[in-house]
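Report on the structure given below.
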Protein chains: 2
Amino acid sequence: MRNIRLTVSYDGTAYHGFQRQPEFHGPTIQGNLESVWKKLVGEEITLNTAGRTDTGVHATGQVVNFLTTAPIPDEKLPKAFNSLLPRDIRILEAHTVAEEFHARYSACWKRYDYKIDNRPIADVFTRLYSLHEPIPLRVEKMKRAARLLEGKHNFKAFSSAGGVSKTFERNLYVCRIQEEGGILQITCIGDGFLYNMVRIIVGTLINVGKGWLQPEDIPDILQSMDRKRAGITARARGLTLSYVHYGEESPFDIYPEYLYSQKEH
Amino acid sequence: MRNIRLTVSYDGTAYHGFQRQPEFHGPTIQGNLESVWKKLVGEEITLNTAGRTDTGVHATGQVVNFLTTAPIPDEKLPKAFNSLLPRDIRILEAHTVAEEFHARYSACWKRYDYKIDNRPIADVFTRLYSLHEPIPLRVEKMKRAARLLEGKHNFKAFSSAGGVSKTFERNLYVCRIQEEGGILQITCIGDGFLYNMVRIIVGTLINVGKGWLQPEDIPDILQSMDRKRAGITARARGLTLSYVHYGEESPFDIYPEYLYSQKEH
């Protein structure tokens, strides 16, 4: 069997998340990809995906794979898919990979980015791709709090009930904030993410930005393993799955800009 | 009477243009602004607008004005409007101005920007705010053609039937193209614009970019005054009304970056 790996970008606004629903709740990314493949080659497939994004969450670098016998060459696949997909889903790349490649189980680490529009009046053009927070946030405090989340921790306090994970220890290599012109970008890179973990981290960092929490509270919240101690789950629309890495390189090989101040653990 | 001037930004995707329709064809920007004012103070108004944008056209600096007796202070108006407006329309500023101010007749010049996504695969997040043109355009030729449109000309060849203008001479102070990472931005600044003028200019420049026309053809097309000689009307989604200027300053006072190579006319 041929194993095809696709890199997918989508605007999640109109979708009921990535994962095909057992009953029809609304359109999904997976449902669209699978039904376009059916139209292209008449074959039923079930995609594996690197990360099941929730309703309203976006992606610039989602990865999926599926097995097929169809002979369409790799370089023709993006155009073939894109000609039938809705305009808010695009295939960026397609490669035939080793049969043992699995979009989820082979993933080594992932990068998510969360955008906050912290200007008094929300920009209409990015309203679906960022959270609008009109109260001026104390960004320097948020940056300090973010750094305290980096490293190997039990992130149970930062996960929603309903996840499938049985262990809560994850390595969050990078949790950094960049601010430019009132737009905050929170970057999280980790070896794995619990259910809603990035959105709860963002909700907690916003509480720090508002002065409701201090950066020094972060270690306590981690240790408590108590979901109620962390902030709310920030809205889906601000979140984007940016990149999934397969292979031995560390996040600091791929994003050396985060190396300068890497903490030791 | 008090005369209020508003600066308005909107994502035009969901609207049937700026202007309220005599019969209901779909929601409009004007309709929303007028009905929000009715809710706020119970008063029926008719807005004047700097430029009636078409269906799907956006604005970051649209200007409107209206007369009222309501005593709400200027600084409270944006929040009052924005609390009732849909999220794709935002009031950025509100000022009480002289009674003779008229958003349309007092305007001295306007700036429009048109975005083209010239990458092979369209970016999903800007798909509603740019035209996707996958064929690589010859940008240097387009830049030369754009410069040949600058100055005082009869722009009849670059206007659609259906406009209300009786004269076709306009001064296009600036027609420039910037390119970065496969995104082209075409900036047009002029003392007035004929119906669809910017979109026809863009359609014509795209023909130059594809090699179907040469920059040297531009003077002939202008002189012909023949709409059929120019390119098609480029899609509305790429167009944004960016700024309207009131007062004596020239475009080169406000945007000195365009001065360096201003042509003499």
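These numbers come from a predicted model, not from an experiment. In what follows, chains are A, B, ... by sequence order, proteins preceding strands, each numbered from 1.
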Open item on the list: Heavy-atom pairs under 4.5 Å with chain A: which of B:V124, B:I91, B:L92 has the most?
Closed with: B:V124

At a 3.5 Å cut-off, give me the donor-acceptor pairs between chain A and chain B, one pair per line with the distance.
from: A:D11; atom 1: OD2; to: B:R127; atom 2: NH1; distance (Å): 2.9
from: A:R87; atom 1: NH2; to: B:R127; atom 2: O; distance (Å): 3.3
from: A:R127; atom 1: O; to: B:R87; atom 2: NH2; distance (Å): 3.2
from: A:R127; atom 1: NH1; to: B:D11; atom 2: OD2; distance (Å): 2.9

Open item on the list: If I measure from the heavy atoms of chain A, does B:I121 come under 4.5 Å with its side chain, its backbone, both, or neither?
Closed with: side chain

